[in-house]
Amino acid sequence: MAKFNLDQVNEMYFDVLKEIGNIGAGNATTAISNMLNMRVDMEVPKIEFLTFQELPTAISAEEETVVGIYLEVESDIGGSMMFLLKMESAHYLVNHLMGRPDDYAEEFDEMDLSAIKEIGNIISGSYLSALSSMTKMVITSSVPYLAIDMAAAILSVPAIQFGQYGDNALLIQTEFGDDVKIQGFFILMPDVDSYDKILTSLGIAL
Amino acid sequence: MATIKVGMADLNICKAPDMITTLGLGSCIGIAVYDPVLKIGGLAHIMLPDSTQMRNNSNIAKFADTGIEELVKRVVMAGANKRRLVAKIAGGAKMFQVSGLSTVGNVGERNAQASRAKLKQLGIPLLAEDTGLNYGRTVELYPETGEFRIKAVGKTIKSI
């Protein structure tokens, strides 16, 4: 029986998540830098523990269009994860990848959409491998799914996942970038039994 | 005219000429009920279908069953006649085209079903709905006319 309740999440788990955020963002930065063939710096990630009232506005206004990439997490733990990008960051990344001028802001075409999925895949993989190496567990992910829609609507998906065992959600925010800052938001949603597995493997007692 | 905003897992009431809204419904459902004669209404933004399936169910506005019950109670407390109440619902999208029957895959549909079932149980006619598909919706209820306005990215405003 799962003991985990997000509302009683402790300091240590917070620190662990911060570390996963740090290592994951580091891995992601290297991956993005290789992909775009340019130097990319990273800010220290910020971790927030938010209520449902705060979540829809955590990354932008509720109705602002954002990009959401969703993957299911499999193998030793189950659950899902999401990576969110603001529209200007998504355009910036795609333009660089496609060799277009920075200010190109036409609607994404099919090619752009698969490029975004791939970016999401790489970035999510960076976080997952951080989690995997910290917990010594095998963690794999499904193919990425993409949605470009209102921030609150996309965030309803993690909210519902978290809603099944509490009234809060955890958000890891990372800023990458050189001249232009790319803001990415990462949400890890282990299912309730997997929380226990993660914490146990890290030696954290509830 | 004031605008009353309802958050996620939240509900509130509204009297004409004011308007009540909730922004960016994804797989969640916005349930509007109103008394067309007294022009008193309310809006709930529920996230999950069934409170009895959860251990942690203290937030009643989070679930279709307890949320709709509370919404109706609040609207009646504000003066609405329960026998005159009618409802309209929107939301319940599948935001990501995930295969299979995972939570993310079908929670929108289950939310819509649970909302319909609860309204039926309370004897409140469901006049119209705009649910399912794969996009987010902002909804606005105008108790003055009973209009339920639905906005989505890249789509024209719909009124049900």
Side-chain angles (χ1 to χ4, degrees), chain A residues 1-8 50-58 60-66 68-74 78-82 87 107 117 142-169 189 191-192, chain B residues 5-10 21-30 45-51 53-64 67 90-100 102-108 110-111 133-140 150-155:
Chain A
M1 182 63 197
K3 294 167 296 223
F4 190 76
N5 177 347
L6 251 193
D7 299 334
Q8 39 159 271
L50 303 166
T51 65
F52 292 141
Q53 301 295 322
E54 296 163 325
L55 186 65
T57 49
S60 68
E62 288 102 328
E63 293 181 290
E64 188 180 321
T65 305
V66 300
I69 295 138
Y70 175 89
L71 300 100
E72 305 207 304
V73 176
E74 295 148 356
S80 54
M81 59 188 291
M82 187 180 270
M87 275 306 256
E107 214 172 295
K117 273 191 199 175
S142 70
V143 293
Y145 300 93
L146 181 71
I148 300 177
D149 208 318
M150 290 187 255
I154 290 181
L155 286 165
S156 77
V157 174
I160 286 169
Q161 305 274 89
F162 282 112
Q164 296 176 60
Y165 39 75
D167 287 316
N168 296 283
M189 301 161 275
D191 56 34
V192 72
Chain B
K5 209 170 127 182
V6 172
M8 196 179 275
D10 184 20
T21 182
T22 192
L23 309 178
L25 287 163
S27 300
C28 302
I29 302 266
H45 180 153
I46 63 98
M47 297 169 60
L48 288 158
D50 188 358
S51 66
Q53 307 258 311
M54 300 290 153
R55 277 180 305 139
N56 184 340
N57 55 12
S58 51
N59 182 355
I60 52 177
K62 200 158 91 176
F63 306 96
K94 182 174 177 175
M95 296 304 298
F96 294 91
Q97 299 311 298
V98 179
S99 52
S102 59
T103 319
V104 170
N106 70 357
V107 72
R110 288 195 295 126
N111 277 337
L133 301 174
N134 63 347
Y135 56 86
R137 296 164 171 94
T138 283
V139 296
E140 298 173 345
I150 297 149
K151 299 175 180 171
V153 174
K155 294 187 169 58

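Note on naming: letters A, B, ... go to the chains in the order of the sequence lines (proteins, then strands), and numbering restarts at 1 for each one. Keep in mind that the numbers below use all heavy atoms, side chains included, and drop hydrogens, waters and symmetry copies.
Using a cut-off of 4.0 Å between Lys/Arg side-chain N and Asp/Glu carboxylate O, B:Lys5 and A:Glu62 are scored as salt-bridged.
For chain B, no part of A:Met189 is nearby; none of its heavy atoms comes within less than 4.5 Å. For a residue to count as touching a neighbouring chain, one of its non-hydrogen atoms must lie under 4.5 Å from one of that chain's; by this rule B:Leu25 touches chain A with the backbone only.
Of the listed residues (A:Ala61, A:Gly68, A:Ser142), the greatest number of heavy-atom pairs within a distance under 4.5 Å of chain B belongs to A:Gly68. Annotation: maximal heavy-atom pairing with chain A below 4.5 Å, among B:Ala152, B:Gly26, B:Cys28, occurs at B:Gly26.
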Can you list, pair by pair, the side-chain donor-acceptor contacts under 3.5 Å of residues 147-160 of chain A, counting residues two or more places apart and other chains?
from	atom 1	to	atom 2	distance (Å)
A:Asp149	OD2	B:Gly136	N	2.7
A:Ser156	OG	A:Ala153	O	2.7
A:Ser156	OG	B:Ser27	N	3.1

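Scanning for side-chain contact (heavy atoms from CB on, under 4.5 Å) contacts around B:Asn134 gives B:Gln97, with sequence neighbours left out.
Pairing each heavy atom of A:Tyr70 with each of B:Val98, the nearest pair is CE2-CG2, 3.6 Å.
A 4.5 Å side-chain heavy-atom check between B:Met95 and A:Tyr145 finds every atom pair outside the cut-off.
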